[in-house]
Amino acid sequence: MPNDDMRIEPQRAKQLAGNISNVYQRIEKVASGRKVRLIAVSKLKPANDILALHHQEPHKHLDFGENYAQELTEKAGLLPKSIRWHMIGALQTNKCKPLAEQVSNLYCVSSVDTAKKADALEKGRAALAEKQELSSKLRVLVQVNTSGEAEKSGVEPGETAELCRHVREKCPHLQLAGVMTIGAIARSQQAATGEGVNEDFVALRETRDKVGKELGFDAGELELSMGMSSDFEAAIGQGSDEVRVGTTIFGDRPAKKDARVKNETTDEKP
Ligand SMILES: *Cc1c(COP(=O)(O)O)cnc(C)c1O
């Protein structure tokens with residue numbers, strides 16, 4: 001029964017509310033009055049966890065991040081339209097158009113690293129605009145591979161301006177909102193132990209400033225999305241405008257094969 005699937009356990013809701021409130025406080029402490037967006041990364045977590053935080057009073061949480069296009073689309077179909085969805089995971093080009101067309105409350109795609117993906121998102125959003133009135137453009141962040149690791153997605157720092165220009169000039173339904181990095185785990189751990197700055201965060205900031213210079217606008221218009229559970233405070237200290245926090249809010253994630261969007265209710269269990 002749909003209602004049972006989306007039932008919010010009071011105990012769980014309380015735990016989540018406590019966890020996110022902790023994160024808000026930690027952010028506030030280091031943000032020194034700057035506004036920093038918190039994306040609650042809900043990948044592989046059930047939809048009713050998201051609902052619990054979105055319905056929480058007095059601070060309804062709006063921004064949720066997902067890594068898999070199919071999971072995001074499924075959750076968006078079940079949950080209120082007032083949620084702002086962020087696609088933060090590696091994106092396949094062929095998933096871009098359907099995602100942008102099917103999820104009207106997709107707020108931002110944080111992982112754009114090729115012109116082809118930008119074009120596909122543009123097509124999807126344009127198709128959606130034909131069907132319904134849209135009040136805003138789809139925000140996109142260009143993902144930058146700041147650590148130079150071969151297995152990491154993201155555009156090279158030196159090619160970032162070109163991709164940013166493409167989005168600004170060729171994609172009228174998209175808004176270039178900023179740049180994003182994941183960075184190397186080793187650097188994050190080093191910086192977290194207090195041994196100086198995280199080079200990935202320095203590199204993202206420098207890349208952002210260069211984009212502004214090359215394209216001829218104030219780089220401050222572009223947000224920096226950097227920082228996760230292990231390093232969000234350090235990232236904010238280095239200028240992050242948006243942090244993506246999963247584990248600290250929702251706890252450890254299940255394996256992908258064990259993840260369920262809808263919770264199995266007690267009476268369904270064998
Ligand atoms: C999963 C994920 C996060 C959240 O990671 P946690 O360590 O659980 O906070 C942030 N950003 C991206 C791109 C992710 O894939």
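Read the numbers this way: they start at 1 and go in the same order the structure lists the ligands and their atoms. Reckoned from all heavy atoms, side chains included, excluding hydrogens, waters and symmetry mates.
Taking every heavy atom of R244 and a limit of under 4.0 angstrom, the matching atoms of ligand 1 come to 4 (C), 9 (O), 10 (C), 11 (N), 12 (C), 13 (C). Of all atoms in ligand 1, listed by their number and element, those nearer than 4.0 Å to a heavy atom of I182 are 13 (C). Heavy-atom contacts of V245 reach the following atoms of ligand 1: 9 (O) (cutoff under 4.0 Å). Within ligand 1, the atoms closer than 4.0 Å to a non-hydrogen atom of G246 are 4 (C), 6 (P), 8 (O), 9 (O), numbered from 1 in the order shown. Every atom of ligand 1 with a heavy atom of I88 under 4.0 Å away is listed here by number and element: 11 (N), 12 (C), 13 (C), 14 (C). Numbered from 1 in the order shown, with element, the atoms of ligand 1 that lie under 4.0 Å from a heavy atom of K43 read 1 (C), 2 (C), 3 (C), 14 (C), 15 (O).
Both the backbone and the side chain of T247 come within 4.0 Å of ligand 1, judged by heavy-atom distances.
Using cut-offs of 30° and 60° on the angle between ring planes, the pair F64 and F250 is tilted.
Panel note: side chain N145, backbone E149; a donor-acceptor pair is recorded below 3.5 Å. Under the 3.5 Å distance criterion, the side-chain polar atoms of E122 are matched with a main-chain donor or acceptor of H173. K43 places no side-chain N or O within donor-acceptor distance of the main-chain N or O of Y68, the cut-off being under 3.5 Å.
The nearest heavy-atom contact from the protein to atom 10 (C) of ligand 1 is M228 SD, 3.2 Å. Among all protein heavy atoms, the one lying closest to atom 9 (O) of ligand 1 is S229 OG, 2.6 Å.
Atom-to-atom distance recorded for I249:CD1 and H61:NE2 is 6.0 Å, nearest 0.5 angstrom. To the nearest 0.5 angstrom, D241 atom CG is 6.5 Å from R208 atom CZ.
Looking only at atom types and distance, the side chain of T181 has a donor-acceptor partner in the side chain of T146 under 3.5 Å away.
Taking 4.0 Å as the cut-off, T248 does not count as a neighbour of ligand 1 on heavy-atom distance.
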